[in-house]
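All remarks here apply to the structure that follows.
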Number of protein chains: 2
Amino acid sequence: MGAKKARPVTLQMIADQLGLHVSTVSRVLHAKPDEGLRAASSPTAVRVRALAGELGYQRNPHAMSLRTQRSNLVGVLVPRLSDVVLATIYEGVEEAAAENGLSTFVTNTRDVPEAQRARTEMVLARRVDGMIFGDGRSDTGFLDEVAARGVPFVLVNRQVGEHPAVVCDDYLGGRMAAEHLLRLGHEDVAVVAGEPYASTGVNRANGFADRFREAGLPIPGHRITHARFDAPGGREGAEKVLAAGPRPSAMFVVNDFGAIGAIGALRDHGLRVGADMALVGFNDTPLAAELPVPLTTVRSPMHEMGRRGLELLVRVLAGGPPDKELLRPELVVRASSDPGRYAALMRKTAPGRTGDGLSPGQDPYTSSS
Amino acid sequence: MGAKKARPVTLQMIADQLGLHVSTVSRVLHAKPDEGLRAASSPTAVRVRALAGELGYQRNPHAMSLRTQRSNLVGVLVPRLSDVVLATIYEGVEEAAAENGLSTFVTNTRDVPEAQRARTEMVLARRVDGMIFGDGRSDTGFLDEVAARGVPFVLVNRQVGEHPAVVCDDYLGGRMAAEHLLRLGHEDVAVVAGEPYASTGVNRANGFADRFREAGLPIPGHRITHARFDAPGGREGAEKVLAAGPRPSAMFVVNDFGAIGAIGALRDHGLRVGADMALVGFNDTPLAAELPVPLTTVRSPMHEMGRRGLELLVRVLAGGPPDKELLRPELVVRASSDPGRYAALMRKTAPGRTGDGLSPGQDPYTSSS
DNA sequence: GACGGTTACCCAAACGTTTGCGCCAAACGT
DNA sequence: ACGTTTGGCGCAAACGTTTGGGTAACCGTC
């Protein structure tokens with residue numbers, strides 16, 4: 001079974017069948033309209049296009065890349081694709097790439113610097129035109145090296161130094177979370193920040209802390225703890241906070257996954273999320289709305305970030321300026337922090353209605369396995 | 001800033017500097033050992049390799065692909081990468097690909113046939129050596145067409161027809177879930193199956209139903225409902241089941257995301273998961289263990305499936321047989337179905353310890369955003 | 001009717017590899 | 001001393017494009 005795979009049709013074949021030269025066919029088919037006008041007479045152009053269509057001509061990308069020194073390929077590095085945040089960003093990247101005639105390689109680096117180096121080399125060996133880093137670390141000079149080598153790239157998700165980047169305005173997001181809790185009258189709050197090498201967590205925590213300081217309620221050191229960006233990390237972070245003296249009335253965890261871990265820790269301490277402790281996460285991961293007590297969180301435009309990241313790269317490749325874009329986050333208030341919503345939730349005989357009426361049009365959790 | 005990007009070093013440069021011919025250098029550097037022996041004398045080979053190393057020679061993949069008609073590229077199609085199940089499978093694919101010197105393009109098709117076609121064409125236009133489909137549908141003849149065109153491919157996640165595939169033994173998984181509930185004495189159970197075009201859900205449901213039938217407890221039609229593989233789908237499915245007469249004592253939802261939706265529906269009806277209704281999901285998604293009432297589920301080896309899928313493709317590309325592999329699932333019992341564990345959970349003053357002691361070494365939820 | 005300007009093409013040289021074939025010397029066999 | 005092998009390498013033709021530079025024929029113009 002399986003038809004003998006016919007050899008793909010080439011420009012040469014088309015040219016031969018039409019008694020033309022291959023270069024003429026090439027120009028007709030691929031030259032930009034402005035310079036393509038003088039490529040061939042209108043009738044021949046039509047004949048060429050017709051035959052190409054009929055034969056199902058497909059330009060050979062390898063020959064093209066070899067000749068033009070441009071691969072139309074971009075490499076994407078992320079910490080983990082099974083992290084829904086990064087996966088969503090990548091979806092945006094890929095979508096925009098397709099629209100721009102580019103293809104993408106994506107690969108995990110698990111945030112380990114050696115893997116980051118190794119994968120970068122692999123990707124570069126494929127002669128990509130540019131790269132997108134979703135795993136930028138501020139504690140290694142790696143990206144500076146890459147830049148020094150003349151490799152065009154942009155960052156998404158995290159920013160480092162002055163390299164071109166498209167990120168969420170994490171600092172503002174942190175302030176929004178703080179603002180929200182201040183409005184609700186919280187005066188003693190804690191924050192579980194992320195890894196120190198990731199701008200995301202750092203900026204979110206800083207924005208949050210700054211806003212509280214401005215309100216005349218500086219957050220003491222023992223109320224701030226650093227943790228990994230995952231459930232166990234969030235749990236440990238929350239535990240540490242709870243162990244340090246009298247408990248605060250609210251907690252800001254800079255990542256939804258961490259917030260889930262924190263929820264576990266709070267339960268272990270017999271504390272009810274939304275009642276005994278207000279909780280705010282970050283990212284508005286699909287599961288935030290589905291939790292038994294829906295989670296207040298700061299939505300970051302992940303998909304959009306990916307799209308913009310790729311588009312910025314396209315501009316950079318075209319010689320454009322290495323801009324930096326900050327995307328606006330959005331506070332999504334749910335029962336985990338809002339007394340009103342919490343009460344409404346509890347008022348139902350059967351608590352647990354998961355909808356929140358605040359995030360329309362997003363369908364959470366989809367699976368196809 | 002940004003060094004002028006030096007032109008990459010080629011075989012020609014090495015040959016020139018060594019007074020050799022480019023073909024000799026090529027053979028020394030890339031010929032397989034068996035035929036490479038006669039390529040050059042030992043001393044020249046050493047000189048060549050030394051200079052190549054020093055200059056940092058990198059083989060130009062486009063030139064190579066053009067010449068050899070082999071791209072070392074594989075295209076991967078999935079419904080959605082932001083579905084952690086598919087993302088994890090892809091991680092396996094990508095990992096194995098890197099080990100085999102291959103690179104992968106991955107893209108979403110959202111399970112819509114037109115997108116599937118379009119993306120396949122895009123990927124094929126990139127002259128991939130083969131493809132991996134994670135989104136196979138049994139209701140379109142699409143894959144038969146692809147096979148007829150002579151495109152080498154394998155399926156992962158879902159199987160369709162007799163095409164080579166690496167999937168979880170979903171039927172067995174369904175039986176395991178049934179077995180578990182039978183042991184616990186459940187006699188009236190319901191199942192929320194998936195989309196009819198996906199072998200995964202269909203086989204899981206069939207395995208489950210068959211086991212119950214064998215036990216002399218055939219599941220009546222109104223206890224079986226089809227739904228999408230997501231939380232809203234699971235919710236609707238559960239609602240339908242609950243609306244159809246007296247409620248069953250247990251429910252099998254063929255996907256963890258659907259199970260989450262079902263939990264919501266159960267809450268709305270004032271039913272306690274694990275007490276009033278036993279619930280079993282499928283996949284052992286990281287969040288299953290983190291739910292307030294941890295979810296009993298059937299673990300499918302997602303990462304492994306991806307790895308094996310790519311390895312099978314490699315064999316197929318080498319002319320091997322189009323095998324089909326069934327990976328063994330594993331039942332993971334947690335409080336949502338097990339009265340003992342549920343009681344233990346409730347016995348704590350603060351219920352909600354999320355660990356389950358049954359899934360060691362898996363760190364759930366990791367994020368890096 | 002010589003001349004500049006289009007129009008509509010063709011030519012050929014790349015881009016960097018791979019690979020079948022051939023050649024020359026040295027080594028070998030007798 | 002003379003064929004025959006074989007080790008060690010060079011030659012050149014691909015693979016399918018793109019692109020700067022032709023060059024005829026044709027047009028209109030004075």
**Prompt:** What residue among A:I89, A:L86, A:D111, A:T107 forms side chain to side chain contact (heavy atoms under 4.5 Å, CB included) with A:V78?
**Reply:** A:L86
**Asked** So, are B:E311 and B:R307 salt-bridged, with charged N and O less than 4.0 Å apart?
**Response** yes
**Distance in Å, A:Y90 OH paired with A:L310 CG, rounded so as to fall on 0.5 Å steps** = 10.0 Å
**Request:** Please state whether the phosphate of D:dG16, meaning OP1 or OP2, lies under 4.0 angstrom from any side-chain nitrogen or oxygen of A:R7.
**Result:** yes
**Complete:** Smallest heavy-atom separation, A:G136 atom then A:R158 atom, equals O-CD, 3.1 Å
**Request:** May I ask you to list the residues of residues 53-62 of chain B, by number, that have any heavy atom positioned under 4.0 Å from an atom of DNA chain C?
**Result:** B:Y57, B:Q58, B:R59, B:N60
**Asked** So, does A:E91 use its side chain to make a donor-acceptor pair with the main chain of B:L81 at under 3.5 Å?
**Response** yes
**Message:** Among B:N157, B:L143, B:V156, which residue satisfies the side chain to side chain contact (heavy atoms under 4.5 Å, CB included) criterion with B:F133?
**Reply:** B:L143
**Whole-Å distance separating the NE2 atom of A:H21 from the P atom of D:dT23** = 15 Å
**Prompt:** So does A:Q69 get a side-chain nitrogen or oxygen closer than 4.0 Å to the phosphate oxygens (OP1/OP2) of C:dG16?
**Reply:** yes
**Fill in**
Closest heavy-atom pair, A:R49 versus A:V28, reported as atoms and distance to 0.1 Å, is NH1-O, 3.3 Å
**Message:** If you only use heavy atoms from C-beta on, which nucleotide in D:dT19, C:dG16, C:dC10 is closest to the side chain of B:A63?
**Reply:** C:dG16
**Request:** Specify the separation, in whole Å, of atom CG of B:L29 and atom P of C:dT19.
**Result:** 14 Å
**Upstream residue (5' side of DNA chain C) when B:H30 and A:V22 are each assigned their closest nucleotide** = A:V22
**Asked** What integer distance in Å separates B:D16:CG from C:dT17:P?
**Response** 12 Å
**Message:** So, does B:T24 get its side chain near the phosphate of D:dG8, meaning an N or O under 4.0 Å from OP1 or OP2?
**Reply:** no
**Item:** Nearest-Å distance for atom pair CZ/C1', residues A:R70 and D:dT17
**Value:** 16 Å
**Message:** Taking A:R315 first and then A:D323, would you say they form a salt bridge - that is, a charged N and a carboxylate O separated by under 4.0 Å?
**Reply:** yes
**Request:** Figure out the CG/C1' separation between A:L18 and C:dA8, and round it to whole Å.
**Result:** 14 Å
**Asked** Does CD in B:E162 sit with more than 12 non-hydrogen atoms of other residues, nucleotides or ligands closer than 6.0 Å?
**Response** no
**Asked** In whole angstrom, what separates B:L11's CG from D:dC15's P?
**Response** 19 Å
**Request:** Determine, for A:E95 against B:R119, whether the closest basic-nitrogen to carboxylate-oxygen distance falls under 4.0 angstrom.
**Result:** no
**Message:** Within the 4.0 Å heavy-atom criterion, would you say B:S65 contacts the bases, only the backbone, or no part of the nucleic acid?
**Reply:** nothing
**Request:** Send over the distance from B:L20 CG to D:dC11 C1', rounded to a whole Å.
**Result:** 14 Å
Could you write out each protein N or O paired with an N or O of nucleotides 20-25 of chain C at a distance under 3.5 Å?
unit_1: C:dG20; atom_1: O6; unit_2: B:R27; atom_2: NH2; d: 2.6

**Message:** From CE of A:M64 over to C1' of D:dG16, roughly how many Å is that when rounded to an integer?
**Reply:** 12 Å
**Message:** Base, sugar-phosphate or nothing for B:T10? Non-hydrogen atoms, less than 4.0 Å.
**Reply:** sugar-phosphate
**Request:** Just name whichever nucleotide pairs with C:dG29, Watson-Crick or G-U, keeping both distances under 3.5 Å, else none.
**Result:** D:dC2
